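The structure appears below as structure tokens.
Just so it is clear, the model here is predicted, and its values are computed rather than measured. Below, all heavy atoms of this structure are taken into account, side chains as well, without hydrogens, waters or symmetry copies. All chains are named by letter (A, B, ...) in the order of the sequence lines, taking the proteins before the strands, and each is independently numbered beginning at 1.
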Amino acid sequence: MKLTIEQVRHVANLARLSLTPEEEQRYATQLSAVLDAVAQLQELDVSGVEPTSHATLASSLLREDVTRPSLPPEKGLANAPVKMGTSFAVPKIIE
Amino acid sequence: MALTDLSMLELAAKLAAGALSSVEATRACLARAAQVDGKVKAFLRLDEKGALAAAEASDARRKAGNPASPLDGVPIGLKDIFLTEGVETTCASRILQGFIPPYDATVVSLLKQAGLPIMGKLNMDEFAMGSSTESSAYGPTHNPWALDRTPGGSSGGSAAAVAAREVFGALGTDTGGSIRQPAALTNLVGLKPTYGRVSRYGVIAFASSLDQVGPMARTVADTAALLQLIARHDPLDSTSAPVEAPDYREDLEGGVRGLKLGVPREYFIDGMDPEVEATVREALRDYERMGATLVEVSLPHTKYALATYYLLAPAEASSNLARYDGVRYGLRAKDAKGLREMYGQTRERGFGAEVKRRIMLGTYALSAGYYDAYYLRAQKVRTLIRQDFSRAFEQVDAILSPTSPVPAFKLGEKADDLLAMYLMDVFTLPCNLAGIPGLSLPCGFTKSNLPIGLQILGKPFDEARMLRIARAFEREHDFTRRLAPV
């Protein structure tokens with residue numbers, strides 16, 4: 001299976017990666033090779049087989065919904081590349 | 001014998017007897033790191049101040065006759081995937097450069113409460129994606145047994161630091177073999193516990209249905225002692241299992257007489273290094289000699305594990321790594337026009353080649369029209385792989401195999417061959433898919449003195465028995481007493 005450059009660009013856009021043209025070429029080739037290798041799974045009959053989500057428990061556990069202290073705003077914002085008051089600041093959203 | 005050559009429990013005994021102080025042990029580790037880490041490059045950063053402060057507090061507790069745990073005062077290292085409050089944590093990625101976590105991972109809190117000085121943060125493959133530490137944005141780590149070779153990965157910095165005696169033990173994480181393969185390549189004991197055994201709260205996520213935290217140490221008893229401190233239920237991790245941990249050292253000397261040990265025929269494959277195969281087969285004969293019964297078992301879906309893993313892990317990674325968007329922490333492309341361009345440029349510059357490759361693969365596998373054919377199908381094949389193990393464990397108490405098909409390879413040797421690198425995990429990743437525990441144990445050396453690892457796979461939550469099986473072999477040999485020549 002050979003991925004086209006258009007498919008690679010579509011996936012890169014979904015993943016929010018601004019790839020260079022060289023990377024688009026390289027990933028088209030490399031992803032195609034990996035997809036060829038994983039195509040092996042198509043030969044198995046999996047009808048009636050349940051998918052695994054948690055490998056050792058029947059389901060994840062929920063804890064009681066009780067309030068507990070969370071990070072104070074200044075700690076939560078301490079790593080922000082750009083902040084404004086008690087908010088994270090981002091570039092213009094509407095273009 | 002140098003102080004830093006002691007095992008964790010040997011050091012703990014000296015600390016308990018007052019023959020040594022934790023400050024002395026911590027200073028010895030710092031001196032050792034200053035001496036060898038220029039060559040080994042295991043550390044991304046040392047926390048000298050934090051470690052010495054913790055050591056002083058430990059000495060005060062010991063003096064007052066009030067140690068916080070059996071390992072109080074024993075210096076250790078952490079893979080740079082664990083959040084450490086106030087200490088930079090990068091996951092070996094440029095995108096997290098300068099990130100100072102505002103809180104500790106649960107396992108880090110547990111180790112601090114137990115009194116272990118944390119020496120610093122150890123190198124790894126970027127976001128734990130790799131088998132050699134070569135995908136680290138900060139350069140590879142070198143194997144203390146042969147400096148031109150890889151220590152394995154992704155927990156390669158943890159492995160190298162312990163093998164080089166810069167720390168007495170370390171924590172790693174294992175998504176497809178990232179504790180066991182580096183342990184095998186550096187002559188350590190490395191344990192990936194059962195999925196759900198150890199909390200992942202505050203551990204940077206790679207593939208959430210596979211990731212698990214575990215200990216790496218130079219002896220079996222050290223591994224058991226370190227596991228004891230972190231194996232507990234954590235309400236902050238909804239995948240954490242409410243299963244009480246047994247005393248992992250209580251039955252360590254119980255031997256293997258009467259145990260049935262499975263040997264899966266699918267794990268002895270063409271392309272395996274002949275010295276690895278011969279050494280592992282010799283270890284199997286040793287177990288027979290010690291009174292265990294070997295039983296050939298079959299895990300018929302083994303050949304699908306690699307493909308299953310390379311769909312599930314990238315798919316989950318592409319979702320987990322969506323959070324690195326330049327908004328709340330880490331790198332931001334500051335010159336971008338508009339939000340969309342900022343996202344794209346930040347991620348393009350912040351992630352390395354292997355991480356981008358897996359994000360692309362995972363995004364493709366989850367994208368509209370492909371979910372059923374790829375992700376869902378892989379989750380179903382995963383069920384078949386789990387069932388293989390369940391059936392095998394009806395007949396046997398544990399399963400033995402090689403950990404890695406080859407000993408430590410040269411840095412750069414497989415860097416350009418994607419599928420050859422992925423093959424490094426062929427014996428380790430079925431265990432993650434099945435959620436069962438796996439341990440790597442030193443079982444010999446090649447003629448050129450490279451370590452070889454034996455893998456012990458167990459039933460869910462059966463870590464105590466696996467450690468006992470490992471200890472039975474360790475007792476009969478001197479492999480875990482051999483020290484890397486660095």
Q.
If I measure from the heavy atoms of chain A, does B:Thr239 come under 4.5 Å with its side chain, its backbone, both, or neither?
A. both
Q: With a 4.5 Å cut-off on heavy-atom pairs, point out which of A:Ala37, A:Ala12, A:Ala33 contacts chain B the most.
A: A:Ala12
Q) With respect to chain A, which residue among B:Arg197, B:Lys356, B:Arg349, B:Gln345 yields the maximal number of heavy-atom pairs within a distance under 4.5 Å? A) B:Lys356
**Q.** Part of B:Ala322 within contact of chain A (heavy atom distance under 4.5 Å)
**A.** neither
Q) chain A: which of B:Pro235, B:Ser209, B:Pro101, B:Ser318 shares the most heavy-atom pairs with it under 4.5 Å? A) B:Pro235
Q. Does the side chain of B:Arg357 come within less than 4.5 Å of A:Val34's, by heavy atoms?
A. no
(Q) Less than 4.5 Å to any heavy atom of chain A: does that hold for the side chain of B:Met342, its backbone, both, or neither? (A) side chain
Q: Inspect the surroundings of CD in A:Glu74 and state if more than 12 heavy atoms from other residues, nucleotides or ligands are less than 6.0 Å away.
A: yes
Q) Quick one: what part of A:Ala39 sits under 4.5 Å from any heavy atom of chain B, side chain, backbone, both or neither? A) neither
**Q.** Chi angles and distances behind the side chain to side chain donor-acceptor pair (under 3.5 Å) call for B:Asp325, B:Thr346
**A.** CA-CA 7 Å; B:Asp325 57 4; B:Thr346 295; over 6 Å; no
Q: Please state whether the side chain, the backbone, both or neither of B:Thr308 comes within less than 4.5 Å of a heavy atom of chain A.
A: both
Q. So do B:Ser208 and B:Arg200 actually touch side chain to side chain, heavy atoms under 4.5 Å?
A. yes
(Q) Tell me whether B:Lys303 at atom NZ has more than 12 heavy atoms from other residues, nucleotides or ligands lying less than 6.0 Å away. (A) no
Q) With only heavy atoms counted, which part of B:Ala333 is less than 4.5 Å from chain A, the side chain, the backbone, both or neither? A) neither
**Q.** Option that, when pairs with chain B are counted at under 4.5 Å, heavy atom only, ranks first among A:Glu43, A:Lys75, A:Gln40, A:Gln7
**A.** A:Gln40
Q) Heavy atoms, side chains only, cut-off 4.5 Å: are A:Val46 and B:Arg377 in contact? A) yes
Q. A:Ala78 versus chain B, heavy atoms under 4.5 Å apart: side chain, backbone, both or neither?
A. neither
Q. Is there a ring pair (Phe, Tyr, Trp, His ring centres under 6.0 Å) between B:Tyr374 and B:Tyr310 once you walk through the steps?
A. CA-CA 10 Å; B:Tyr374 288 115; B:Tyr310 277 98; over 10 Å; no
Q | Contact origin within B:Tyr370 toward chain A - heavy atom pairs under 4.5 Å | A | side chain
Q. Where does B:Lys334 contact chain A at under 4.5 Å (heavy atoms): side chain, backbone, both or neither?
A. side chain
Q: Establish, yes or no, whether a centroid distance under 6.0 Å links the rings of B:Phe127 and B:Tyr324.
A: yes
Q | Side chain / backbone / both / neither for B:Arg382 at chain A, heavy atoms under 4.5 Å | A | both
(Q) Just checking B:Tyr201 against B:Tyr103, ring centres under 6.0 Å apart? (A) yes
Q | Single hit among B:Asp425, B:Thr175, B:Asp211, B:Asp174 for side-chain hydrogen bond (donor to acceptor under 3.5 Å, both in side chains) with B:Asn432 | A | B:Asp174
Q) By a 4.5 Å heavy-atom criterion (distance strictly below it), what part of B:Gln212 contacts chain A: side chain, backbone, both, or neither? A) neither
Q | Structural part of A:Leu35 lying under 4.5 Å from a heavy atom of chain B | A | side chain
Q | B:Thr302 side chain vs B:Glu266 backbone, donor-acceptor pair below 3.5 Å | A | no
Q. Does any non-hydrogen side-chain atom of A:Asn13 lie less than 4.5 Å from one of B:Arg340?
A. yes
**Q.** B:Leu312, part contacting chain A, at a heavy-atom distance under 4.5 Å
**A.** neither
Q | Per-residue contact mode, B:Ala365 against chain A (heavy atom under 4.5 angstrom) | A | neither
(Q) Is there a salt bridge (charged side-chain N to carboxylate O under 4.0 Å, His left out) between B:Glu354 and B:Arg358? Walk through the geometry before answering. (A) CA-CA 6 Å; B:Glu354 180 63 22; B:Arg358 296 207 199 182; 2.7 Å; yes
Q) Is any side-chain heavy atom of B:Tyr329 closer than 4.5 Å to a side-chain heavy atom of B:Phe99? A) yes
Q) Under a 4.5 Å heavy-atom cutoff, which of B:Ile436, B:Leu331, B:Leu236 has the most pairs with chain A? A) B:Leu236
Q.
Which atoms of A:Leu71 are under 4.5 Å from chain B, going by heavy atoms: the side chain, the backbone, both sets, or neither?
A. side chain
Q. With respect to chain B, which residue among A:Leu44, A:Val8, A:Leu62 yields the maximal number of heavy-atom pairs within a distance under 4.5 Å?
A. A:Leu44
Q: Identify which part of A:Gln42 has an atom lying under 4.5 Å from any heavy atom of chain B, answering side chain, backbone, both or neither.
A: both
Q: Just give me the residue among B:Leu433, B:Val327, B:Leu366 that pairs up with chain A most often, heavy atom to heavy atom, under 4.5 Å.
A: B:Val327
